[in-house]
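Single-structure report; data block below.
Whatever order the structure lists ligands and atoms in, that order sets their numbers, starting from 1. None of the values given here were measured: they were computed from a predicted structure.
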Amino acid sequence: MLQQIKTTTNFIQQSVNFEPEVGIILGSGLGNLAGEIEVVKTVSYSDIPNFPVSTVKGHKGQLVFGYLGGKKVVAMQGRFHFYEGYTMQQVTFPVRVLNALGIKLLIVSNAAGGMNPTFKVGDVMVITDHINHFGTNPLIGPNDDELGPRFPEMSEAYDRRYIKMAFDIAEENNIHLQKGVYIGVTGPTFETPAEYKFFHVIGADAVGMSTVPEVIVARHGGLPVFAVSVITDLGGGTVIEKPTHEEVLQAAASAEPRMTLIIKKMIERATF
Ligand code: HPA
């Protein structure tokens, strides 16, 4: 894997000649944040050696290099999901590459179902912790000590400094922010009412089909992480909602400007 990471990183460095300080992974329906980037170069996943190609509607499949909040960033417009049939190593390979490109902060966004009764559709939730419910882990297999430790520590998977910064920014801009625990599941089915209830009972506030693998790999590689969920549907309440992929995309679009503002100002303020 180390060789693959090196090949891909060299390819990208040669084609863009740009050293990003922040990496951003854009979730379902949240790809428009890339529109705020003063673009220097885009590279399609299909042109990048060893990169998988994304298959989901609403995911573009390119790396966008440029300036956001006055800093050099690279955004993944489109990510890889375990439910698409990729291995955990494929899902998380881009994070290894972004780390090798030299980013100092990884920002992750996703669309998620809300289970906390105080949440509403369109809320933005800062992820304070996660539960890995994929039934697997991207670090299973031989460990390469050059990439990180065999038994990574996960007591602060989501960096407290950036969580605080997000709430400071939200307050200054009159944005209502939620916070909570994200549970990552394989999908592609949405949850049954019993599953939503179960996930809430075991301590989760939102559920989604991504993020956890990427965050595990980022932490393995020592990268600080900030992550947000956009609540696109509600489960586990008295009303049984039936989320559709279209509703998820619509709710994501309504929350996007608030999420974008927080991320942009965070990048402005971040010091490495
Ligand atoms: N469950 C799982 N993943 C999701 C959901 C959900 O309710 N909404 C958006 N992604």
Side-chain angles (χ1 to χ4, degrees), residues 24-33 54-61 76-86 88 91-92 107-138 158 177-216 227-260 263:
I24 310 169
I25 302 178
L26 301 168
S28 296
L30 300 167
N32 288 337
L33 187 147
S54 59
T55 64
V56 186
K57 211 164 84 182
H59 290 245
K60 270 198 178 139
M76 282 184 68
Q77 206 170 17
R79 62 141 64 86
F80 306 103
H81 299 88
F82 192 55
Y83 63 73
E84 293 178 83
Y86 299 112
M88 276 285 175
V91 167
T92 55
I107 298 178
V108 186
S109 69
N110 61 56
M115 293 160 313
N116 183 317
T118 70
F119 288 4
K120 293 188 182 61
V121 167
D123 274 353
V124 177
M125 181 192 94
V126 172
I127 301 179
T128 54
D129 203 350
H130 77 218
I131 297 171
N132 176 13
H133 202 266
F134 279 85
T136 184
N137 189 300
Y158 300 85
L177 256 198
Q178 301 281 13
K179 67 176 161 186
V181 174
Y182 175 92
I183 184 164
V185 298
T186 66
T189 46
F190 287 112
E191 287 62 39
T192 63
E195 286 167 340
Y196 280 123
K197 188 175 169 194
F198 168 62
F199 292 152
H200 187 50
V201 165
I202 65 170
D205 299 291
V207 55
M209 307 172 195
S210 67
T211 302
V212 166
E214 291 111 314
V215 172
I216 289 173
V228 283
S229 289
V230 168
I231 305 301
T232 56
D233 53 273
L234 300 172
T238 44
V239 184
I240 298 171
E241 300 220 6
K242 295 181 183 166
T244 65
H245 187 56
E246 284 64 36
E247 276 168 354
V248 166
L249 296 182
Q250 213 171 40
S254 83
E256 183 157 34
R258 279 170 281 137
M259 183 193 80
T260 300
I263 291 177

Please tell me if the side chains of I216 and T92 come closer than 4.5 Å, counting only heavy atoms from C-beta onward. no

How about N116 and M125: do any of their side-chain heavy atoms sit closer than 4.5 Å? no

If you measure from each heavy atom of G208 to ligand 1, is any distance below 4.0 Å? yes

Spacing of CD belonging to E195 relative to NE2 belonging to H133, to within rounding of 0.5 Å: 8.5 Å

Atom indices of ligand 1 within 4.0 angstrom of F190 heavy atoms, with elements: 1 (N), 4 (C), 5 (C), 6 (C), 7 (O), 8 (N)

In a check of side chain to side chain donor-acceptor pair (under 3.5 Å) between S229 and each of N110, D205, T211, which one passes? N110

Taking heavy atoms and a distance under 4.0 Å, where does T232 meet ligand 1: side chain, backbone, both or neither? side chain

Pull out every atom of ligand 1 sitting under 4.0 Å from any heavy atom of A111, numbered as shown with elements. 9 (C), 10 (N)

Check each atom of ligand 1 against the heavy atoms of Y196 and keep those under 4.0 Å away; list them by number with element. 6 (C), 7 (O)

Can you list the ligand 1 atoms lying under 4.0 Å from a non-hydrogen atom of E191? 1 (N), 2 (C), 6 (C), 7 (O)

Would you say I202 and I183 make side-chain contact, with heavy atoms under 4.5 Å? yes

Do I25 and E214 come close enough that some side-chain heavy atom pair is under 4.5 Å? yes

Please determine whether any non-hydrogen atom of A112 lies less than 4.0 Å from an atom of ligand 1. yes

